[in-house]
Amino acid sequence: MTDFASPRDFTELADALRRATPLSRIIAGGTDLVLSLQRGETPDLLIDITHVAGLGDVRLDGGTVRVGALATFGQLQTHPVLVAHAPCLAHAAGRVGSLQIRNSATIGGNVANASPCGDSLPALIALGAQVEVLEASGKVTSRPLGELLVGQRRTGLRASECITAFHFPALGADQRSGFAKIGARTTVTISKLSAAAVVDVDATSGLLGNARVAL
């Protein structure tokens with residue numbers, strides 16, 4: 001039998017994480033997990049984080065963009081902070097699945113599932129994103145996304161940890177970014193290859209520098 005927890009804040013979430021085992025699962029949008037449950041996966045504990053306050057916020061803090069783990073791709077693709085300061089991530093969000101999927105799938109789940117076709121991953125890596133993780137102790141730590149992803153559908157997250165947010169430097173007027181993907185179709189397609197890039201642009205010479213490219 002599967003136990004169930006629905007925390008409302010970080011304290012209750014940390015309490016639930018202390019009960020978690022490698023068989024436990026965290027659910028938000030559920031676009032990946034529901035398929036696993038339909039295939040017969042039976043978690044011993046299901047932690048619903050959709051009611052945790054503040055996890056869906058997107059904001060600009062000084063020169064840093066902060067994106068909550070519960071932000072949906074539908075929210076991200078048109079959010080003015082991302083359109084202005086992280087357009088590659090806004091573009092990537094708009095290429096995720098169908099409208100229905102974008103309105104439920106979350107950026108935290110996209111990263112936590114570590115799918116090789118996760119559309120947000122190259123954009124976040126090119127932006128130099130750090131991942132904020134809540135531990136069962138109640139402590140929030142920050143790790144580079146590139147270190148968190150350790151393999152196909154494998155991350156360095158422990159069962160007692162949960163992604164809460166991402167943060168990265170806001171792109172300035174002298175920087176440009178982009179995202180592109182190749183799939184079997186032009187829309188509603190799983191990526192065969194996706195790429196994001198962030199570059200500095202010298203307005204005088206037109207030269208590009210400090211390019212960061214993620215595939």
Indicate the atoms forming the closest heavy-atom contact of [X] with [Y], along with that distance.
{"X": "Phe10", "Y": "Leu134", "result": "O-CD2, 3.8 Å"}
{"X": "Arg102", "Y": "Val96", "result": "CG-O, 2.8 Å"}
{"X": "Cys88", "Y": "Phe179", "result": "O-CB, 3.6 Å"}
{"X": "Ala195", "Y": "Leu215", "result": "CB-CD2, 3.4 Å"}
{"X": "Gln130", "Y": "Pro144", "result": "OE1-N, 3.4 Å"}

pair [X]-[Y]: side-chain heavy atoms closer than 4.5 Å:
{"X": "Leu145", "Y": "Glu147", "value": "no"}
{"X": "Pro7", "Y": "Ile47", "value": "yes"}
{"X": "Leu89", "Y": "Ile107", "value": "yes"}
{"X": "Pro122", "Y": "Ser194", "value": "yes"}
{"X": "Asp200", "Y": "Asp174", "value": "no"}
{"X": "Thr2", "Y": "Leu45", "value": "no"}
{"X": "Arg153", "Y": "Asn113", "value": "yes"}

Quick test of your reading of the model: are [X] and [Y] salt-bridged, counting only N-O distances below 4.0 Å?
{"X": "Glu161", "Y": "Lys139", "value": "no"}
{"X": "Arg66", "Y": "Asp57", "value": "no"}
{"X": "Arg25", "Y": "Glu41", "value": "yes"}
{"X": "Arg19", "Y": "Asp3", "value": "yes"}

Original post:
Atom CD1 of Ile26 and atom CG of Leu17: how far apart are they, to the nearest 0.5 Å?
Top reply: 5.5 Å

Original post:
Roughly how far, to the nearest 0.5 Å, is the CG atom of Asn110 from the CG atom of Leu124?
Top reply: 8.5 Å

Subject >> Pair Thr50-Asp48, side-chain donor/acceptor within less than 3.5 Å >> reply: yes

Original post:
Taking atom types as modelled, is there a side-chain donor on Thr72 or Asn103 under 3.5 Å from an acceptor on the other?
Top reply: no

Original post:
Are any side-chain N or O atoms of Asp9 and backbone N or O atoms of Glu12, one a donor and one an acceptor, separated by less than 3.5 Å?
Top reply: yes

**OP:** Please determine which of Lys181, Lys192, Arg95 meets the salt bridge (charged side-chain N to carboxylate O under 4.0 Å, His left out) test together with Asp119.
**Re:** Lys181

